[in-house]
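These notes are about the structure you will find just below.
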Amino acid sequence: MDLAGRGGGSDMILVVTGTDTDVGKTVVTAALAACALEGGARVAIYKPTQTGVEPGQGGDVHSIGHWLGNPRALTLEEGARLADPMAPVDAALHSGGIAAAEALPTLADHVRRVQALAREHEVVIVEGAGGLLVSLTLAGETIADMARALGARLVVVARPDLGTLNHTALTLEAAVSRGFVDGVLVLGSFPAAPTSLHERNRTNLRELAQRNRWTWVPGPPAAAASAAAASAVEKETTQRILHAAGRKMAPVFDDQPALAHAAPSRGSAG
């Protein structure tokens with residue numbers, strides 16, 4: 001896969017969201033970035049709102065940079081940072097009241113940041129906070145709204161555990177109803193010794209993706225999340241695992257996103 005030839009101003013923008021929190025979005029984002037970097041692309045990762053991290057601490061994008069060895073072709077940016085581990089608007093309200101919530105970046109602000117990154121990188125990956133319909137702004141704008149405004153391809157990360165079928169079906173229904181007719185469904189991780197429940201859920205999720213005409217790709221193994229979380233694991237080992245997982249996710253980059261309705265132009269936020 002050669003992504004380097006796309007040149008600056010590429011429309012290869014991916015928006016990664018999940019069926020819930022803690023489903024493996026950050027590890028999937030890292031594997032996607034590894035795949036694109038291996039294909040020769042300049043990659044930018046943008047986190048619209050990082051919550052649960054104090055000033056001076058490393059957030060999700062910084063973890064990804066560390067796992068991948070902070071290559072020169074990788075750019076890492078955050079839109080806003082809030083200390084409380086809550087949804088973005090709630091974290092802002094808790095920390096500073098209505099004034100803090102009103103000061104959050106608007107949807108137009110986020111879109112401008114991503115468009116600026118897209119002019120300088122072949123691939124831009126946006127990692128959302130929480131799920132598809134979590135509000136990013138006081139006006140109630142969501143990561144789904146952001147993905148539509150950008151004309152991005154939507155990547156939904158799911159769990160293999162009990163309860164995932166309903167959560168994932170609801171998320172895909174919400175996505176398809178908003179025009180995302182060519183999204184990607186991926187497992188955030190899959191255990192090395194899966195139970196019959198894990199196996200059945202994987203089969204059912206693959207079939208759910210196919211029924212919605214979405215792309216199904218295998219996600220990172222549980223070893224990827226374990227290696228990323230373990231400070232004792234050598235950086236080279238984490239990189240090797242993430243690059244191997246990323247190669248299996250190459251189909252994500254094969255096609256341009258398709259929306260049932262035309263997305264706004266790159267110069268507007270919708």
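What's counted below: heavy atoms across the whole structure, side chains too, no hydrogens, waters or symmetry copies.
For the residue pair A222 and P191, the shortest heavy atom distance occurs at CB-CA, 3.9 Å. Nearest heavy atom pair, residue L205 against residue L185, reads O-CD2, 3.4 Å. Residue K25 comes nearest to G18 through the heavy atom pair CD-N, 3.5 Å, listed as atom of the first residue, atom of the second, then distance. Between A87 and V134, the shortest heavy-atom contact is CB-CG1, 3.9 Å. Here the closest heavy-atom approach between residue V27 and residue A224 is recorded as CG1-CB, 4.0 Å. Residues K47 and V61 share a closest heavy-atom pair of CB-CG1, 3.7 Å.
One distance of note links CD1 of I125 with CE of M12; it measures 10.0 Å at 0.5 Å rounding. If you take OG1 on T137 and NE2 on H110, they are separated by 7.5 Å, rounding to the nearest 0.5 Å. Considering CE of M146 and OG1 of T17, their distance stands at 11.5 Å, rounded to 0.5 Å. Separation of atoms SG (C35) and NE2 (H243) is listed at 9.5 Å; rounding is to 0.5 Å. I143 CD1 to L154 CG: the interatomic distance, rounded to the nearest 0.5 Å, is 8.5 Å. We find the OG1-CG distance between T168 and L170 to be 9.0 Å, quoted to the nearest 0.5 Å.
Within the 3.5 Å criterion, the main-chain N or O of V176 finds no donor-acceptor partner in the side chain of W214. Listed for the R81 side chain is a donor-acceptor partner under 3.5 Å among the backbone atoms of E54. With R148 contributing its side chain and R178 its backbone, the two residues share a donor-acceptor pair below 3.5 Å. A side-chain donor-acceptor contact under 3.5 Å links T51 to the backbone of M86.
When the salt bridge (charged side-chain N to carboxylate O under 4.0 Å, His left out) test is applied to R200, no partner is found at least two apart in sequence or on another chain. With sequence neighbours excluded, no residue forms a salt bridge (charged side-chain N to carboxylate O under 4.0 Å, His left out) with E173.
Contact of the T237 side chain with the R240 side chain is registered, since non-hydrogen atoms from C-beta on lie closer than 4.5 Å. Looking at heavy atoms from C-beta onward, V28 lies in side-chain contact with P220 at the 4.5 angstrom threshold. Side-chain contact check for E77 versus I45: every heavy-atom pair is 4.5 Å or farther apart. L14 places a side-chain heavy atom less than 4.5 Å from the side chain of L32. W67 places none of its side-chain heavy atoms less than 4.5 Å from the side chain of Q239. Residues P160 and H198 have side chains in contact (heavy-atom distance under 4.5 Å, counting atoms from C-beta outward). The shortest side-chain heavy-atom distance between H94 and D90 does not fall under the 4.5 Å cut-off. Contact of the V126 side chain with the P48 side chain is registered, since non-hydrogen atoms from C-beta on lie closer than 4.5 Å.
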- Query: Can you list the steps and then say if V157 with V16 is a side chain to side chain contact (heavy atoms under 4.5 Å, CB included)?
  - Reply: CA-CA 7 Å; V157 183; V16 179; 3.8 Å; yes

- Task: Would you check, one step at a time, whether the test side chain to side chain contact (heavy atoms under 4.5 Å, CB included) holds for H121 with V43?
- Result: CA-CA 6 Å; H121 301 79; V43 180; 5.7 Å; no

- Message: Set out, in order, the CA-CA distance, both residues' side-chain angles and the distance that settles side chain to side chain donor-acceptor pair (under 3.5 Å) for S63 and H66, then state yes or no.
- Response: CA-CA 5 Å; S63 294; H66 175 72; over 6 Å; no

- Step-by-step side chain to side chain contact (heavy atoms under 4.5 Å, CB included) determination, L162 to L197: CA-CA 7 Å; L162 187 66; L197 170 69; 4.0 Å; yes

- Query: Going through the distances and angles, do L104 and L82 end up as a side chain to side chain contact (heavy atoms under 4.5 Å, CB included)?
  - Reply: CA-CA 10 Å; L104 287 171; L82 298 160; 3.9 Å; yes

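Residues R153 and T215 bring a donor and an acceptor atom of their side chains to less than 3.5 Å of each other. Looking at H167 and T164, their side chains never bring a donor and an acceptor atom within 3.5 Å of each other. D109 and T106 are linked by a side-chain donor-acceptor pair at a separation below 3.5 angstrom, with hydrogens and angles left out of the test. When only modelled atom types and interatomic distance are considered, D145 and T142 share a side-chain donor-acceptor pair under 3.5 Å. Looking at E127 and T26, their side chains do bring a donor and an acceptor atom within 3.5 Å of each other.
Follow the hydrophobic side-chain contacts under 4.5 Å out from V15 and you reach L133 in the same cluster. Under the 4.5 Å side-chain heavy-atom criterion for Ile, Leu, Val, Met, Phe, Trp and Tyr, L136 and L117 are members of the same hydrophobic cluster. In terms of hydrophobic clustering, with Ile, Leu, Val, Met, Phe, Trp and Tyr side chains grouped at heavy-atom distances under 4.5 Å, L208 and F180 are assigned to a common cluster.
For R213, the CZ atom sits in a loose shell: 12 or fewer heavy atoms of surrounding residues, nucleotides or ligands are nearer than 6.0 Å.
Looking at R42 and E122, a side-chain N of the basic residue comes within less than 4.0 Å of a carboxylate O on the acidic one, giving a salt bridge.
Cation-pi geometry between R113 and Y46 is not satisfied (NZ or CZ under 6.0 Å from the ring centre, within 45° of the ring normal).
When the options V156, L132, L165 are evaluated for a side chain to side chain contact (heavy atoms under 4.5 Å, CB included) with T19, the one that passes is V156.
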